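Taking it in order: structure first as structure tokens, then the write-up.
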Amino acid sequence: MSTERRRPYPYDQIEPKWQERWESARTFHAPNPGDPGFDPARPKYYVLDMFPYPSGAGLHVGHPEGYTATDIIGRYKKMRGCNVLHPMGWDAFGLPAEQYAIKTGQHPSVTTAENVGRFRTQLKKIGFAYDWQREVNTTDPGYYCWTQWIFLRLYHSYFDPFLQKSRPISLLEDALADEPKRTDEWKDDDYLAGLRAHSGDLPPERRRAVREAIIDHHRLAYVSEAPVNWCPALGTVLANEEVIDGKSEVGGHPVERRPMRQWMLRITTYAQRLIDELDGLDWPESIKLLQRNWIGRSEGAEVQFTVAGSEEKITVFTTRPDTLYGATYMVLAPEHPLVERIVTEEQAGAVEEYKEKTARKSDLERTELSKEKTGVWTGAFAINPVNVERIPIWIADYVLLGYGTGAIMAVPAHDERDWEFARKYALPIREVVSDTPTLGLGGGSSPCQAEPLEVFVGEGYAIHSGPLDGLSTADAKVEIVRQLTGRGLARKTINYKLRDWLFSRQRYWGEPFPIVWEDGKHRALPDTHLPVNPPPLDDFKPTGTGEPPLAKATQWVRYSDKATRETNTMPQWAGSCWYYLRYCDPVNHNRFVGVDAERYWMTGTVEQPAGAKVRPGGVDLYVGGTEHAVLHLLYARFWHKVLFDLGYVSTPEPFQRLVNQGIILGEDGQKMSKSRGNVVNPDDVITEYGADALRCYEMFMGPLEQTKPWSMAGVEGVARFLARVWRLAVEENQAGEWVLSSALQDIEPDKAQLKVIHATIKKVGEDIESLGFNTAISQMMIFVNTFTNANPRPRKALRSLLQVLNPFAPHLTEELWERLGFDENGAKPLATEPWPAYDAALLVEDEIEIVLQVNGKVRDKIIVKKEASKEEVEAAARASSKIAEWTAGKEIKKVVVVPGKLVNIVVAG
RNA sequence: GGCGCCGUGGUGAAAUGGCAGACACAGCGGACUUAAAAUCCGCUUCGGGGAAACUCGAGUGCGGGUUCAAGUCCCGCCGGCGCCA
């Protein structure tokens, strides 16, 4: 007995056949400007997927969802005459490969190569129209060479706050030099001129050190000693976002705070541009909002307090300077440097103990609103600049050193955290904002002694605030800042929640830094020394001390007699920050991307663009998961802007249009996971139903952006549709061979058929443009249902169907295209044929159905001529006997006629 | 707690403010078949009336509002998801 399952059509033969043909004919190779076959007359279209991390588990059906969507767009744009860039590659550095290496002793490069191989094989079986000659891998020396090169550009650049752009640090160096040589390049730059003036008075012996400090303080890549999230189990530091509830995101190991020397990237300098320049992008508003919130701009003021009985000053950042009269105590972050200097002897013990406790908590734990507030009094007092009151200075872990100035004025009546804290420690609470404008008008009222019953955080009118009384919150803010600024005690500032990017990891499987250390100072390696390859290691285990695994390669670490290499590696984000640029020119040995290739694929122009660019983003369509809504997209935008400012790329933004595909759940409606056992492997779907069915089902499930559960029964339904397409063209003969269907004839389609043909061409094209793939497939199903029983069946109709179905089911349609002999001029694949045109005139009916409503309810339907006037339609409606019944004896108050649609008769009663 | 997104048949879903449920899945019935599978055709939101053709009513999470007309727009709830706290 044969175990061979009867297939509805021979996809198992068709699919490999066409995959081989496309590959050998290089059907989807996109030549660059200057390459043979490049046609500058065609518009470019760059359609990109977020490249995968090639895990050991292989693909699941979630991966091909976005990939299929972009593939359909890419194939469609090609048929529309575009030069299409549609590449794929591997984000292959990362922790899992290293963890696996630790467990098995197998080198990460070996497992990475195996995993990449498996992923590539799986993707090829789905028939994606990738230009495989453009495949990139972040772990190839030829790739990470340029990741390191970009890092050096960051290292060698500073952000000019006046110009709001990055410039080479050599300019800043020149501006600080004893004898500047490039004054003409920076003399108009007030920022550099100011820096020069500022450092000019130094005595010669200190000059050098101060200048170096200024320079390092400006580099976009810099070294910091800040406390970091150290995970002993993983043996590495983690970014804040990699820590969840005090545990590592990977593996759930405990994470502690520990000060360590780390590389940081000064992304905060770009905070304003990262907000502002979202405006020109075609991204979902929700994603823009997520980015804006993440950057967290807040306008406020810095206000200076003095420490009582001392020269020390405390600067606080507040968004509510209008509440200054309600400040009844101050709070410093426990690690604030001032704490040591102001703490009194009696309180020293308690403060020290509290600082130790705090050191073990993560920022997230510390700021959790629900957690009970804790703190300790330092014993010191500050003077409130507005009313010269002595207020106690506390330390509390709900104030972070990293945000604002690391110090706050506490206004318990109008801030929830201050309120809780004040209640707990019995600190005074003074109401200074009222939600009604009546209170406190007239000004100069004495401070209120009665404490409010509840916290009020909203805006209102100032009370008990001396000269501010009666002013609205907005006006009071302006007024108090104006007054204090005049006395040199405040200034308006803008604060961002965004932190600088912690850019080093204590890992093996990542890009080494092109940096060496000598006499405690860092120094960049010259570009010509790139790539810096990781040393061969047999033991990838963490050292346990915080020292990165690379430190074990003592030979490698020793750079020269005096200098040693940096042993940290870059985080996984690094490689994915610029891969879309490398795709434009993946094998260039001289530049991270060729000038012409970059300009063409990012802007569409072959020559230097004459005028201003219309669109800021380069990639025309970028599809990927929401999980990268903030980090990857923010980091990539940051790098891109630096490269743009320095003149290396042509657009200010990397991605013009962004779409997030939804998550595909298991059949049980749960998230797919190995432990739940609900993971669906695309290989199995292909074996059972074919790649075209997989592709079409992925698209037919529902809207691309939506989360939706997998259904094998649904796949079967789509496979049935494809089999029906197959049988429109061919039928099985007595010998069981597929031969051209006897129903096919070279006849003209009838009127109804013509309408379906042209409606389908129209709808499928429009739906692809708007990413409505599910409804495009529905329309093609309607087409097939129309023609299934047509006998004779016009051969011509199939031509159109195959053309519009091709991007969805490329193998099946190519095969039928060939069998039906549509490839007249010989062996030209359907994929390279133009997209069909539709005739709008054929879509218009001579007679239209009009819905007749009485008071909005459908009561009858009539057929009228297409060109019938409003009056004629209304007359026809009134002539309907059903309408007469429903309106009998009632006063007709109004008649609404919507041409071509309906008539609504409004009656009284 | 704040912000954002989403709630439509048994299921996935469709619907420029204009006939709610296209297209599928599942189910039911029929044709073909000795039989089954496959295939083709039909029915399939709920409730009432009718032998039937059909007909009446209700219906897009809940409650209001705007409009001749609301799944769609506005306000307030409830539930789910995501992000931030």
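Throughout, protein chains are lettered first and strands after them, A, B, ... in sequence-line order, and every chain is numbered starting at 1. Everything quoted here is computed from the prediction, not taken from an experiment.
Side-chain atoms of A:K497 lie closest to B:A85 of the nucleotides B:A85, B:C25, B:A13. Comparing B:G18, B:A14, B:C19 by their nearest atom to the side chain of A:V858 picks out B:C19. Relative to the side chain of A:R720, the nucleotides B:A26, B:A24, B:C84 differ in distance, and B:A26 lies closest.
Using atom C1' as the reference point in both B:C3 and B:G57, the two lie 42 Å apart (nearest Å). To the nearest whole angstrom, the two C1' atoms, one in B:A15 and one in B:A26, are 23 Å apart. Rounded to a whole angstrom, the distance from the C1' atom of B:A24 to that of B:G18 is 26 Å. For B:C54 and B:C32, the C1' atoms lie 32 Å apart once the distance is rounded to whole Å. B:C73 and B:U16 have their P atoms separated by 12 Å, given to the nearest Å. Only the P atoms considered, B:G80 is 23 Å distant from B:C74, to the nearest whole Å. B:U60 and B:G71 are spaced 5 Å apart, taking the C1' atom of each and rounding to whole Å. Comparing B:G21 with B:A13, their C1' atoms sit 9 Å apart, to the nearest whole Å.
Classification of A:E65 and A:K708 as a salt-bridged pair holds, one side-chain N sitting under 4.0 Å from a carboxylate O. Salt-bridge formation is not detected for the pair A:K870/A:E874: no Lys NZ or Arg NE/NH1/NH2 atom is positioned less than 4.0 Å from an Asp or Glu carboxylate oxygen. Remark: A:E285 engages A:K288 in a salt bridge, criterion side-chain N to carboxylate O under 4.0 Å.
Pairing partner, B:C5: B:G80, with both Watson-Crick or wobble hydrogen-bond distances short of 3.5 Å. B:A24 and B:U11 make up a base pair, with Watson-Crick or G-U wobble contacts both under 3.5 Å. Using Watson-Crick or G-U wobble geometry with both donor-acceptor distances under 3.5 Å, B:A85 finds no partner in any strand shown. B:A38 is unpaired under the criterion used here, namely a Watson-Crick or G-U wobble arrangement in which both key atom distances are under 3.5 Å. Of the nucleotides present, none pairs with B:C19 by Watson-Crick or G-U wobble criteria with both distances under 3.5 Å. With a 3.5 Å ceiling on both atom-pair distances, the Watson-Crick or G-U wobble partner of B:A58 is B:U45.
Nearest-nucleotide positions on RNA chain B place A:G856 closer to the 5' end than the other of A:G856 and A:T626.
Listed for the A:T473 side chain is a donor-acceptor partner under 3.5 Å among the backbone atoms of A:G460. A donor-acceptor pair under 3.5 Å links the side-chain atoms of A:Q753 to the main chain of A:D750, judged by distance alone. Checked by atom type and distance alone, the side chain of A:H60 never pairs as donor or acceptor with a backbone atom of A:P682 at under 3.5 Å.
Checked against the 6.0 Å centroid criterion, the rings of A:W710 and A:Y697 qualify as a close aromatic pair.
Within 4.0 Å of A:V906, counting heavy atoms only, lie sugar-phosphate atoms of the nucleic acid but no base atom. Within 4.0 Å of A:I782, counting heavy atoms only, lie sugar-phosphate atoms of the nucleic acid but no base atom.
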- Message: The test is side chain to side chain contact (heavy atoms under 4.5 Å, CB included); show your working for A:L658 and A:I287 and say whether it passes.
- Response: CA-CA 9 Å; A:L658 174 76; A:I287 301 296; 3.9 Å; yes
- Task: Show your working on side chain to side chain contact (heavy atoms under 4.5 Å, CB included) between A:M409 and A:V331 and close with a plain yes or no.
- Result: CA-CA 6 Å; A:M409 62 175 206; A:V331 185; over 6 Å; no
- Task: Please assess A:W501 against A:W573 for the test ring-ring contact (aromatic ring centres under 6.0 Å, His included), listing each intermediate value before the final yes or no.
- Result: CA-CA 11 Å; A:W501 176 9; A:W573 306 109; 7.7 Å; no
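Rounded to an integer number of Å, the gap from CG of A:N855 to P of B:U67 is 15 Å. In this structure, the CG atom of A:L631 is 12 Å from the C1' atom of B:C83, given to the nearest Å. Atom P of nucleotide B:C84 and atom CD of A:E416 are separated by 20 Å, given to the nearest angstrom. Atom CD1 of A:I287 and atom P of B:C81 are 19 Å apart (whole Å). A straight line from CG of A:N904 to P of B:C68 spans 10 Å, rounded to a whole angstrom. If you take CZ of A:F783 and C1' of B:A24, they are 19 Å apart, rounded to a whole angstrom. When the C1' atom of B:G2 is taken as reference, atom CG of A:L290 falls 14 Å away, rounded to whole Å. For the pair A:K671 NZ and B:G80 C1', the computed distance is 16 Å after rounding to whole Å.
Remark: the A:S742 side chain and the A:E731 side chain contain an N/O donor-acceptor pair separated by less than 3.5 Å. Between the side chains of A:S298 and A:N495, no donor-acceptor pair of N or O atoms lies under 3.5 Å. Residues A:Y398 and A:D418 have side chains that bring a donor and an acceptor to within less than 3.5 angstrom of each other. Checking A:Q272 against A:R297 by side-chain atom types alone, a donor-acceptor pair falls below 3.5 Å. Looking only at atom types and distance, the side chain of A:N660 has no donor-acceptor partner in the side chain of A:T626 under 3.5 Å away.
Taking 4.0 angstrom as the limit, A:N785 places a side-chain polar atom (N or O) nearer than this to OP1 or OP2 of B:A24.
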What does the list of N/O pairs under 3.5 Å between the protein and nucleotides 43-50 of chain B look like, with a distance for each?
none

Polar atom pairs between nucleotides 3-12 of chain B and protein, under 3.5 Å, N or O only, would you list them?
{"from": "B:G12", "atom 1": "O2'", "to": "A:M701", "atom 2": "O", "distance (Å)": "2.5"}

For nucleotides 55-57 of chain B, give me every protein contact, N/O to N/O, under 3.5 Å, one pair per line with atom names.
{"from": "B:G57", "atom 1": "OP1", "to": "A:R859", "atom 2": "NH2", "distance (Å)": "3.4"}
{"from": "B:G57", "atom 1": "OP2", "to": "A:R859", "atom 2": "NH1", "distance (Å)": "3.0"}

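Listed by residue number, the members of residues 759-773 of chain A with any heavy atom below 4.0 angstrom from RNA chain B form an empty set. Listed by residue number, the members of residues 723-730 of chain A with any heavy atom below 4.0 angstrom from RNA chain B are A:R724, A:R727.
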Listed pairs under 3.5 Å, donor-acceptor, residues 859-866 of chain A side chains, sequence neighbours left out:
{"from": "A:D860", "atom 1": "OD2", "to": "A:S880", "atom 2": "OG", "distance (Å)": "2.8"}
{"from": "A:K865", "atom 1": "NZ", "to": "A:E847", "atom 2": "OE2", "distance (Å)": "3.3"}

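Crowding of A:K762 atom NZ: a count of heavy atoms from other residues, nucleotides or ligands under 6.0 Å not exceeding 12.
The base of B:C19 sits within donor-acceptor range of the side chain of A:K861, with an N or O pair under 3.5 Å. At a cut-off of 3.5 angstrom, the base of B:C19 holds at least one donor-acceptor pair with the side chain of A:E849.
One finds the CE atom of A:M712 at 6.5 Å from the OH atom of A:Y689 (value rounded to the nearest 0.5 Å). Between atom OG1 of residue A:T68 and atom CD of residue A:Q661 there is a gap of 10.0 Å, rounded to the nearest 0.5 Å.
B:G9 takes the syn form, because its glycosidic angle lies no more than 90° either side of 0.
By the 6.0 Å and 45° rule, A:R637 does not stack over the aromatic ring of A:W294.
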